[in-house]
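Because the structure is a prediction, the values reported are computed rather than measured. Counting starts at 1 for both ligands and their atoms, following the listed order.
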Amino acid sequence: MSEETIYQRLINAGMSRREFMKLSGLVAGMMGLQSVSPVMASGLPDRLERPSPQARTVAKALASKPRLPVIWLEFQDCAGCSEALTRSQAPTLVDLVLNSISVEYHETLSAAAGFQAEEAKQAAMKKYAGNYVLVVEGAIPTNDGGIYCAIGGKSAVSLLQEAAAGAAAVISTGNCAAYGGLPRANPNPTGALGVADLIKDKPVVNIPGCPAIPEVFTGTLAHFLVFGALPELDSLGRPKTFYGQTIHDRCLRRAFYEAGKFAYSFDDEGAKKGWCLYKLGCKGPTTYNSCATLKWSGGLSFPIQSGHPCLGCSEPNFWDGGGFYQGQSAPIDRPTVTTLGAAAAVGAVIGVGAGALNGSQKRHAHAADEERKSE
Ligand code: SF4
């Protein structure tokens, strides 16, 4: 018996033909084949419009293809990309696309653990050799033989190489997998690298962000599902559909930027009036991503809309690149050595790890020293 197609699976799960055509239109929109609004990107629209040629292309692919096998590896990461994807509000388009794939192995979500999980992964890599998509979340440490991240006695480097060998394509989700992210920040003690630094013989697509926008990830996956190939990429390996414009290009505060109206602190009149956050270090003008259009939480908001400057998290080297409030032209209160000492005392009382707090203390103390030196 031939394998169940995505269409059959959705229909068997209770989806009507009409809803299936809506889904196909939304997937086409998500892939950038036709226009789609942020609200549409997060759920099914109420009204059905006549299916576009692009929607019919998607419908045809979903009607003839089985679910796409996916193997998902996590290395040096916080699991934030997995978290963002799974916390998307239901019922969402993300859910529907995820119904169209078969996640064979996921270190956070798999029910199996230990040897059982490892066996399941090996079986999936064998069964779907040459046909599965490998998703990687997290950076890969390479110093000292890669000992800083190991699973089941194997280093992250060897696990990546093993899984990439049988993959049809690799998706690096989040800034860590794409460019090394936080683990690669100076002085990068573990020698962290991104996937594309290590895998040269497979198509690799980067979906950077901290975390990656769920709709951007699923839109890219949907493109592979429908066309069997990755979408067109920019010079940093990102899909042009989602990373073709800067945040600044589509920012709702742009008019204030053009008018020279800026917030200079987080509680001044400019901030209260929703003026431009450039003077607070906003990296929107040099950051390519879809935050300003797709937004987050079902199109509800994104950092700049909520009053926080863009940190540039979809660009290489963003952690060292000055996302955190550099470029401000008015002083903002920073923690002092004295206040941090008090925080340490509170931390000790509530059981915060002293080592972690001391590290933070040192960094803030250093920042305060530098600030004083420059005065
Ligand atoms: S808030 Fe940032 S992205 Fe928006 S207009 Fe100002 S500088 Fe540009």
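Ion pairing of Lys121 with Glu118 is present here, as a side-chain N (NZ or NE/NH1/NH2) and a carboxylate O approach within less than 4.0 Å.
The number of protein N, O or S atoms lying under 2.8 Å from atom 6 (Fe) of ligand 1 is 1.
Hydrophobic clustering, defined by side-chain heavy atoms of Ile, Leu, Val, Met, Phe, Trp and Tyr closer than 4.5 Å, groups Phe256 together with Trp275. Taking a 4.5 Å side-chain heavy-atom cut-off between Ile, Leu, Val, Met, Phe, Trp and Tyr, the cluster of Leu73 extends to Ile71, Phe75, Tyr105, Met125, Tyr128, Tyr132, Leu134, Val136, Ile140, Ile151, Val157, Leu159, Leu160, Val170, Leu193, Val195, Leu198, Ile199, Val204.
For the residue pair Thr220 and Pro239, the shortest heavy atom distance occurs at OG1-CG, 3.6 Å.
Residues satisfying the salt bridge (Lys or Arg N to Asp or Glu O under 4.0 Å) criterion with Lys65, sequence neighbours excluded, are absent altogether.
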| request: Quick one: do Asn289 and Gln245 satisfy side chain to side chain donor-acceptor pair (under 3.5 Å)? Show the steps, please. | output: CA-CA 7 Å; Asn289 205 345; Gln245 290 182 304; over 6 Å; no

